[in-house]
Number of protein chains: 2
Amino acid sequence: MARTSGSQSAVTGPRIHATALRLFAEQGYAAVSMRQIAAEVGVQAGALYAYTTGKQALLFDLLRAASTDLSAAWEAAPKGSGSVAHLEAFARVEIGFRIDHPWAARLASSELRALAPDSLAAILTLRQRHEAALEAILRTGQAAGVFRIAEPRITALALLAMWSGVAFGYTDGIRPNRERVERIGWNLTRKAVGA
Amino acid sequence: MARTSGSQSAVTGPRIHATALRLFAEQGYAAVSMRQIAAEVGVQAGALYAYTTGKQALLFDLLRAASTDLSAAWEAAPKGSGSVAHLEAFARVEIGFRIDHPWAARLASSELRALAPDSLAAILTLRQRHEAALEAILRTGQAAGVFRIAEPRITALALLAMWSGVAFGYTDGIRPNRERVERIGWNLTRKAVGA
DNA sequence: GTCTATATGCTGATAGAC
DNA sequence: GTCTATCAGCATATAGAC
């Protein structure tokens, strides 16, 4: 990145966020310096502060966007009717999001610990609202006798982890076929909950 | 046994490893300083270098121990006969290890990225040997018609992730009942693979 | 084995020129 | 909006006294 001077705000802003997202997810928040982000974007470190108030704010913005993007994907998804259809829709949104946005998904699962307490609380509120939707699906299906599961809370955590395993397993290899990965993940899910 | 007044090597060495393991797992390798480790152990930073050649070596030793301890637990486990019994034994070892050694398990899943290339290769060799054992169980059961699964490799990654989800879900709450968590995890596993 | 002191370099962030 | 220059602090690691 060899650019030396000039004003590029419409380009630089998004590039800063995309670069920070990838580096934070790959190496961890604490291991990445503002100078490193700037170098990959192609500006000097001081220029970053025209777009963010600091490193912490950059992380918070990225984690908030990851949470709201995932929730928005779930809100927008076609859901069908019945607990089984709802669970399939949820599984496909979760797996698909991890395939389409691997850095955001990885950041959200590993760097919450780097947030200041107030920022952490804000992100956890967003996240818990989303996870509660999954737990509600499991409870409803359990009450209706459609799912045979021991504890909805633990089952939800197990499924979320499994969806990460499936999606990242493919992401680590060759370019994944999204429909195929979603189908494999859903088949494991359907059988695990006894549907 | 006569000892110099400030000398506590039999105590300090294990304490350094235990403290570094917990801090690295909780906060990430890059976020933890040698001064912080020393402070929690109760010595000055310079004293750490009587036990390790540096921060990188400390991480490598901890990750190697985590891998060999897990493999040793699998080698020592009673396995029964048949693919189903083998898979149950493997699942219980994996879940039990995560309950008994949560910091080691978390470190192994998140801080490989902080290793130098040569060290990383050494750890990956240990890990892949262990994961291959799981994949072999799945392939054998698949060939025998005992498991109904799409792809052993991806199924293995999905199961490993799910076991983490189950074990850490409980670890995050009150003190887990090991047998109970293993049983819930095994039930999900058994159904997911169609056994 | 542990301490204190220190070498050397990198960190996040800011100031002011253009 | 981006640059250069800089500040104050903390990082890993080492040297030498005890």
Side-chain angles (χ1 to χ4, degrees), chain A residues 1-24 26-63 107 111 113-119, chain B residues 1-21 23-24 26-63 111 113-119:
Chain A
M1 296 302 164
R3 219 179 41 73
T4 54
S5 72
S7 187
Q8 306 276 348
S9 100
V11 170
T12 304
R15 278 175 57 84
I16 288 171
H17 279 79
T19 302
L21 174 62
R22 177 173 51 81
L23 291 176
F24 286 166
E26 281 180 337
Q27 306 179 18
Y29 173 78
V32 176
S33 71
M34 295 296 270
R35 282 173 173 80
Q36 187 180 358
I37 296 168
E40 296 217 11
V41 170
V43 297
Q44 294 300 314
L48 299 180
Y49 294 86
Y51 298 90
T52 179
T53 57
K55 195 184 173 188
Q56 266 283 327
L58 201 45
L59 176 66
F60 178 71
D61 288 346
L62 293 168
L63 284 170
L107 190 75
E111 294 302 324
R113 62 189 176 191
L115 284 173
D118 286 358
S119 302
Chain B
M1 160 187 330
R3 230 183 334 189
T4 312
S5 81
S7 185
Q8 305 277 344
S9 96
V11 169
T12 304
R15 278 173 58 85
I16 288 171
H17 280 77
T19 303
L21 174 62
L23 291 176
F24 287 166
E26 281 180 338
Q27 306 178 18
Y29 172 78
V32 176
S33 70
M34 294 295 269
R35 281 174 170 79
Q36 187 180 357
I37 296 168
E40 297 218 11
V41 170
V43 297
Q44 294 299 314
L48 299 180
Y49 293 86
Y51 298 90
T52 180
T53 58
K55 194 184 174 187
Q56 267 284 326
L58 201 45
L59 175 66
F60 178 71
D61 288 346
L62 293 169
L63 284 169
E111 294 302 323
R113 64 189 176 191
L115 284 173
D118 286 357
S119 302

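In the text below, chain A, chain B and the rest are named by the order of the sequence lines, each starting its count at 1.
Using a 4.0 Å cut-off between a side-chain N of Lys or Arg and a carboxylate O of Asp or Glu, A/Arg22 and A/Glu40 qualify as a salt bridge.
Among the heavy atoms of the strands lying under 4.0 Å from A/Val32 are primed sugar atoms or P, OP1, OP2 only; no base atom is included.
Whole-Å rounding puts the B/Met34 CE to D/dA11 C1' distance at 11 Å. The interatomic distance linking A/Ile16 (CD1) with C/dG12 (P) rounds to 14 Å, in whole Å. Going from atom OH of B/Tyr49 over to atom P of D/dG16 covers 18 Å, rounded to whole Å. Look at CD on B/Gln44: it is 20 Å from P on D/dG16, rounded to the nearest Å. In this structure, A/Arg15 atom CZ and D/dG1 atom P are separated by 16 Å, rounded to whole Å. What separates CG of B/Leu58 from P of D/dA11 is a distance of 16 Å, to the nearest Å. Across the protein-nucleic acid pair, A/Leu48 atom CG and D/dC3 atom P stand 9 Å apart, rounded to whole Å.
Taking 4.5 Å as the limit, some side-chain heavy atom of B/Phe24 sits within range of a side-chain heavy atom of B/Ile37. Looking only at side-chain heavy atoms (C-beta outward), A/His17 and A/Thr52 stay at 4.5 Å or farther from each other.
A sub-4.0 Å separation between OP1 or OP2 of C/dT2 and a side-chain N or O of B/Thr12 is present. Side-chain N/O atoms of B/Ser33 include none lying less than 4.0 angstrom from OP1 or OP2 on D/dC10.
Comparing atom distances between the A/Tyr51 side chain and each of D/dG1, D/dA13, C/dC3 picks out D/dG1 as nearest. Here the nucleotide nearest the side chain of A/Val43, chosen from C/dA13, C/dT4, D/dC3, is D/dC3. Of the candidates D/dT2, C/dC3, D/dA13, D/dA13 carries the atom nearest the B/Lys55 side chain, counting heavy atoms from C-beta on.
For the pair A/Ile16 and A/Val41, the tightest heavy-atom approach, listed with the atom from each and the gap, is CA-CG2, 3.8 Å.
Judged by distance alone, the side chain of B/Thr19 and the main-chain N or O of B/Arg15 form a donor-acceptor pair under 3.5 Å.
The 5' end of DNA chain D is approached more closely, in terms of each residue's nearest nucleotide, by A/Ala47 than by the other of A/Ala47 and A/Arg35.
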